2 protein chains.
Amino acid sequence: MAAISGGKTYHHGDLRNALIGAAVDLACEGGPERVVLREAARRVGVSPTAAYRHFEGRCELLAAVRDHARRALADSMERAAARVPGADDPALAAEARLAAVCRGYVAFAVEQPGLYRSAFGAPRTAPGDGDHGAEGGTAEVRAFTLLTDALGAVAATARPPRASRPAADAAAWSAVHGLSLLLLEGPLRRLPAQRRDDVVDSTLAMVVSGTRNP
Amino acid sequence: MAAISGGKTYHHGDLRNALIGAAVDLACEGGPERVVLREAARRVGVSPTAAYRHFEGRCELLAAVRDHARRALADSMERAAARVPGADDPALAAEARLAAVCRGYVAFAVEQPGLYRSAFGAPRTAPGDGDHGAEGGTAEVRAFTLLTDALGAVAATARPPRASRPAADAAAWSAVHGLSLLLLEGPLRRLPAQRRDDVVDSTLAMVVSGTRNP
DNA sequence: CCCGGAATGTTCATGCGGTCAACATCGGGC
DNA sequence: GCCCGATGTTGACCGCATGAACATTCCGGG
């Protein structure tokens, strides 16, 4: 059995998930650099090296955290989008949804800084190790899919139907991602909440405007 | 004397700068996380703890690297701006300069990834230490000033002269910063060079468009 | 010209983290 | 009921940040 038996046995039963949980907590508390094998093991009440039975090493644990963080980010975006009331004008509705999705993105970054910072970034621990994990192209990041779809919907309703948006998706993503990081660890951190809203609004305006106009 | 005497004396003569130099090299090679006191000391040919006579600790060394990186970034932007030919139409000239400044920004990030990544980010080493160093507001980052000025020039030549750009500067900065990071360590890394240019163009178009339109 | 303190480096020691190898224990399949 | 493989544990090694005590050098009085 792999259940949660009360008494602590020699074998944990679900160490892998327990470690991931602890690692996620660590990431929430202090970002990816805080995710430390020994500490995660300590929290689970297991010896420092037990993790190696379930992960290649720290990198792989971080990768698990990263996946969790990406899922959580996408969830935040979907929740934000779900809250926007429908509109009659499809164009307006599309724009509202785009804005909501973006807000959900930034909101997650601001509310879960540690987790957000763990969501991206190549596995960069050893100096000369490319990432051997998966991560094919830009896909597989649901957050990106959500953004792209919302963007596509706006473009589809544009007055002169836009034909090619060569890389407009990436541009929009750049904006929200950059904004998030500037707010989190960049020079925009420690910005009074109200000014922060201004900045967010400005950026979203830029994104929407850039989507609507050629 | 504090010069570069040939024979190695007990006293180095200019250890501080030598260490900064080594640290900058390290940052170039592997980003901020590669900046390690012991390695820098090793490269300079000095004992591991000698650095403590010149820096509080690793954080302060990193701060020195960060300042260097920011200067280099701003230089890259200025160089890029200096290369754009003048135009007759002041509005077009302003837009061209804005684009050039942004390109200089992204170019630096792509050409000097390690250094670029060292240029921002709060000094985050110990879990619970806010940064005690300076870093007042958003100022003092010459790169930001360059961007803001270029942006202001575009806004000034806009057909309906824009009155308030509440935080449009930050929006533009978000775009270039986010783009840089996505290209560097985000899902846009390992993008073929040509597609990369598309993405850059798209983003700049969004920035300019957002500046021109309400 | 000589001396003593202040700078600047060095050595030694502590503690944390990643990772490996050898050993212990448990859980099932035969 | 026994044996093997999966899962944990101990112990050890190495690199790094950092602090304390000691060594060397420089420089400004006297």
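We name chains A, B, ... by the order of the sequence lines, and we start the count at 1 in each one. This is a predicted model, so every value here is computed, not measured. Atom set for the values below is all heavy atoms of this structure, side chains included, hydrogens, waters and symmetry mates excluded.
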Report task. Decide yes or no, distance alone: a donor-acceptor N/O pair under 3.5 angstrom between the base of C:dT11 and the side-chain of B:Thr49. Result -> yes

Query raised in the report: Given D:dT9, C:dG18, D:dA17, which nucleotide is nearest the side-chain atoms of A:Leu37?
Result: C:dG18

Requested in this report: Salt-bridge test for A:Arg103 and A:Asp201: reply yes if a basic N is under 4.0 Å from a carboxylate O, no otherwise.
Outcome: yes

Report task. Send over the distance from A:Glu60 CD to C:dT19 P, rounded to a whole Å. Result -> 11 Å

Query raised in the report: Looking for any heavy atom pair under 4.0 Å, which part of the strands does B:Arg42 touch: base, sugar-phosphate only, or nothing?
Result: sugar-phosphate

Query - Gap between atoms OH and C1', on B:Tyr52 and C:dA7 respectively (whole Å) - result: 19 Å

Query raised in the report: B:Glu39 has an atom CD; how far is it from atom P of D:dA17, in whole Å?
Result: 10 Å

Report task. Assign the ring pair B:Tyr105 / B:Phe120 to parallel, tilted or perpendicular, where the plane angle (0 to 90°) is split at 30° and 60°. Result -> parallel

Query raised in the report: Would a 4.5 Å heavy-atom cut-off, applied to side chains only, mark A:Leu188 and A:Arg195 as touching?
Result: no

Report summary line: Smallest heavy-atom separation, B:Ala74 atom then B:Ala143 atom, equals CB-N, 4.0 Å

Query - Any A:His54 side-chain nitrogen or oxygen under 4.0 Å from OP1 or OP2 of D:dA6 - result: no

Report task. Considering just the side-chain nitrogens and oxygens of B:Arg53, establish if one lies under 4.0 Å of OP1 or OP2 belonging to D:dT18. Result -> no

**Report entry** Residue B:Val36, side-chain atoms from C-beta onward, closest of D:dA17, C:dC20, C:dG18
**Finding:** D:dA17

Query raised in the report: For A:Leu19 and C:dG17, what is the distance between atoms CG and P respectively, to the nearest whole Å?
Result: 15 Å

Query raised in the report: Whole-Å distance between D:dT7 P and A:Phe55 CZ?
Result: 12 Å

Query raised in the report: For C:dT19, does OP1 or OP2 lie under 4.0 Å from any side-chain N or O of A:Arg38?
Result: no

Query raised in the report: So, are B:Glu39 and B:Arg43 salt-bridged, with charged N and O less than 4.0 Å apart?
Result: yes

Query raised in the report: Given atom CG of B:Leu26 and atom C1' of D:dC16, what is their separation to the nearest angstrom?
Result: 13 Å

Requested in this report: Please report, rounded to the nearest Å, how far the C1' atom of D:dC26 is from the CG atom of B:Leu15.
Outcome: 16 Å

Report summary line: Closest to the 5' end of DNA chain D, once B:Glu56 and A:Arg16 are matched to their nearest nucleotides, is A:Arg16

